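Let me begin by presenting the structure, written as structure tokens, before commenting on it.
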Amino acid sequence: MKLNRRSFVGAVAATTLAAPMVRAAGHGKPRVVVVGGGAGGATAARYIAKDSDGAIDVTLIEPTRTYYTCFFSNLYIGGFKSVSDIGHTYGTLASEYGINVVHDWAVGVDRDAKTVTLAGGATIGYDKLILSPGIDFIDGSVAGWDISAQNAMPHAYKAGSQSELLKAQLMAMPEGGTYMMVAPPNPYRCPPGPYERVSMVAHYLKNNNPTAKIIVADPKAKFSKQGLFEEGWNNHYAGMIDWIGEEFGGGNVEVDPGAMTVSIDGEVTKADVCNVIPAMKAGRIAEIAGVTDGNWAPVNAVDMSTKADPDVYVLGDASQQGDMPKSGFSANSQAKVCANAVRGALTGSRVFPAKFANTCWSLIETNDGVKVGATYEATDEKIAKVDGFISATGESAEVRKATYEESEGWYTGITSDMFG
Amino acid sequence: MRRVCSSLSAVVLGLCLSAASAHATETGDVAKGEALFNDCKGCHMVGEGAKNRVGPHLNMLFGRKAASLEGFRYSKSLARAGANGLEWHADTLSQYIENPRSFASGTRMSYRGMKDEADRVNLLAYLRTFSDDPSNIPEADPTATGTDHTVDPEILALEGDVEYGEYLSSECTTCHQTSGGDDGIPSIVFWPEEDFVTAMHAYKDKVRPNPVMQMIAGRLNNEEIAALAAYFKDLEE
């Protein structure tokens with residue numbers, strides 16, 4: 001059968017009229033519930049609402065009224081952005097797109113009854129459930145640290161009050177003091193994130209406390225964009241940063257939040273600020289829903305549906321999908337593929353091939369931006385990397401400045417794409 | 001995809017199936033590759049605790065500069081190739097394994113070569129599992145080959161299709177604002193179709209610089225570029 005556009009659209013219209021495609025079991029409009037209003041969830045909710053033109057009832061459950069993006073929160077710590085620059089609200093999603101935004105915690109999922117329970121007691125039914133809960137921390141993954149220590153030793157790896165706390169501690173450091181970071185093991189949110197943070201902390205100290213030191217204890221042997229970061233640290237912050245990788249015992253760490261000490265491979269150091277970024281796992285609601293296997297939720301690459309339940313989808317950091325890094329860009333990209341598939345399943349709209357992309361920009365020093373990016377496709381097994389690029393060492397100042405400006409443009413773009 | 005299709009009409013089913021059949025293929029069969037590695041085991045180790053033996057260990061091989069492992073004595077021939085910038089990736093490794101002596105005449109690797117391309121692809125898929133994982137190190141080597149959707153006849157027929165363009169545009173709007181804002185990243189709305197198509201092909205052919213756009217345009221076929229041009233030409237927001 002040969003199709004041109006006209007006959008194709010005509011055929012779809014005809015079949016749609018003959019058999020209205022609504023997979024809403026025993027009630028009116030099909031219902032999509034999205035849990036988590038970040039790069040994955042907000043994008044998925046917005047695209048489903050926007051493209052279905054009212055044919056799907058979309059509820060977005062997000063506990064916070066103002067969402068602070070984790071991406072660019074390092075730039076806040078470095079002084080390049082204010083906290084309000086990275087804060088976003090859900091008003092437009094509710095008023096312009098008709099999304100039912102509920103500010104509450106999702107605390108239960110009944111996959112047989114197809115309902116989500118909220119902390120406030122309400123129960124919401126769904127035909128398709130999209131979970132985009134981000135990450136939680138694994139208590140005990142750094143000896144001596146658990147979530148109750150987050151005020152003494154902040155992670156600042158969920159943006160907002162933790163970012164403000166870390167910045168306040170940085171600003172209060174004594175002259176010539178020591179900033180320590182315990183970097184996370186793989187896999188974790190935002191592979192270059194800890195190292196961009198080191199750069200931003202160094203930027204602040206260079207200008208305000210130039211004799212201070214930064215020590216990074218890292219359980220990994222290497223990290224993303226390592227050559228670019230090391231080049232930048234050497235150019236801009238020579239002698240300030242000491243990175244202790246796996247080879248030198250960077251994984252053998254114990255902290256004492258009361259005494260503010262860090263032991264690295266048996267050597268104890270007093271820290272003025274200690275930024276502990278623990279090992280991570282999927283946000284708790286994914287585990288409660290029973291769609292995780294180990295720390296993460298395995299998903300099918302074509303549409304982000306979970307291996308455990310075809311009507312439950314997991315996006316972004318919480319998913320285990322293959323080759324994509326855990327990043328806001330990735331979650332946003334996955335959300336659009338998922339939204340297209342969910343809409344197709346519920347209304348019979350056209351489902352196009354899954355294509356994914358990611359780019360991570362990092363700022364090393366004022367106007368010294370670098371980036372790494374790749375494109376991905378769905379295979380039977382996973383989302384697989386098919387192409388990519390990375391900034392080169394030794395690039396000109398003009399190129400690095402343009403890269404940073406590009407990242408600012410991207411920030412405006414992705415946040416409009418998420419929040420409308 | 002199969003599940004999504006099950007509830008759709010026959011026409012849409014056709015499109016779904018073509019989309020499903022056009023999945024990227026992972027680069028080779030790891031299990032078959034592991035069996036083929038038996039031929040290499042006499043000299044090479046790979047995996048946890050692997051050390052240099054007669055041949056260098058093969059952990060973190062993908063992306064490694066040739067002849068760069070400390071403590072291994074390479075042939076002059078490979079050392080020279082490394083100094084000249086040779087890096088090991090799927091393509092260079094495949095050429096080397098196919099006929100080691102033709103690739104580097106003085107190599108000490110006394111192996112006749114693996115003539116069958118499928119075997120080489122499988123062997124390399126197995127070895128790839130011992131190098132960096134792109135989910136942790138995004139710049140690590142790819143694990144699959146991209147799909148060319150020019151082979152999908154239904155999509156091919158949808159020339160300048162605004163609806164397909166709208167779906168594809170969601171990849172653009174991660175960075176480019178639909179409102180036409182242009183701080184740091186240029187606006188792409190309301191462009192004449194011809195200008196849009198010309199620019200995208202210039203990125204695809206790597207005539208215009210910017211690695212992000214070269215990568216994004218590089219995997220769009222003519223019809224997809226036309227669909228995007230048709231969509232962005234009179235975008236309403």
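Keep in mind the model is a prediction, meaning the values are calculated, not measured. Convention: sequence-line order gives letters A, B, ...; per-chain numbering from 1.
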Does Arg350(A) pair with Asp51(A) as a salt bridge, N-O distance under 4.0 Å?
no
Residues of residues 124-135 of chain B under 4.5 Å from chain A (heavy atom pairs)?
Asp132(B), Asp133(B), Pro134(B), Ser135(B)
Please determine if Asp417(A) and Arg46(A) form a salt bridge, counting it only when a charged side-chain N lies under 4.0 Å from a carboxylate O.
yes
Pair Phe190(B)-Phe232(B), ring-ring contact (aromatic ring centres under 6.0 Å, His included): steps then yes or no:
CA-CA 6 Å; Phe190(B) 304 120; Phe232(B) 279 120; 9.7 Å; no
Part of Gln214(B) lying under 4.5 Å from any heavy atom of chain A:
neither
Drop me the distance from Glu117(B)'s CD to Asn122(B)'s CG, to the nearest 0.5 angstrom.
10.5 Å
Asn186(A) versus chain B, the contacting section by heavy-atom distance below 4.5 Å:
both
For chain B, the option from Val337(A), Val399(A), Asn340(A) that forms the most heavy-atom pairs under 4.5 Å:
Asn340(A)
Could you tell me whether Glu87(B) and Lys65(B) make a salt bridge, using a distance below 4.0 angstrom between a side-chain N and a carboxylate O?
no
If you draw the axis of the six-membered ring of Trp410(A), does the NZ or CZ of Lys371(A) fall within 45° of it and under 6.0 Å from the ring centre?
no
Ionic contact status for Glu224(B) with Lys355(A), cut-off 4.0 Å
yes
Counting heavy-atom pairs closer than 4.5 Å to chain A, which one of Asn210(B), Thr173(B), Ile137(B) comes out on top?
Thr173(B)
Check step by step if side chain to side chain contact (heavy atoms under 4.5 Å, CB included) holds for Ser169(B) and Leu228(B).
CA-CA 6 Å; Ser169(B) 78; Leu228(B) 281 167; 4.0 Å; yes
Salt bridge check: are Lys401(A) and Glu406(A) linked by an N-O gap of less than 4.0 Å?
no
Need one label for Tyr404(A): side chain, backbone, both or neither, based on atoms under 4.5 Å from any heavy atom in chain B.
neither
side-chain contact (heavy atoms from CB on, under 4.5 Å), paired with Tyr313(A), selected from Thr306(A), Asp303(A), Val299(A)
Asp303(A)
Using non-hydrogen atoms only, which part of Tyr47(A) is less than 4.5 Å away from chain B: side chain, backbone, both, or neither?
side chain
If we define contacts as heavy-atom pairs under 4.5 Å, which of Ser416(A), Gly388(A), Ala374(A), Gly373(A) has the most with chain B?
Ala374(A)
Of all of Lys220(A), Met324(A), Met418(A), which one pairs up most often with chain B through heavy atoms under 4.5 Å apart?
Met324(A)
Engaged part of Thr375(A) at the chain B interface, taking heavy atoms whose separation is under 4.5 Å:
both
I'd like to verify something: which residue of Ile414(A), Asp323(A), Thr43(A) has the highest number of heavy-atom pairs under 4.5 Å with chain B?
Asp323(A)
Hey, what do you get for CG (Asp141(B)) to CD (Glu139(B)), rounding to the nearest 0.5 Å?
10.5 Å
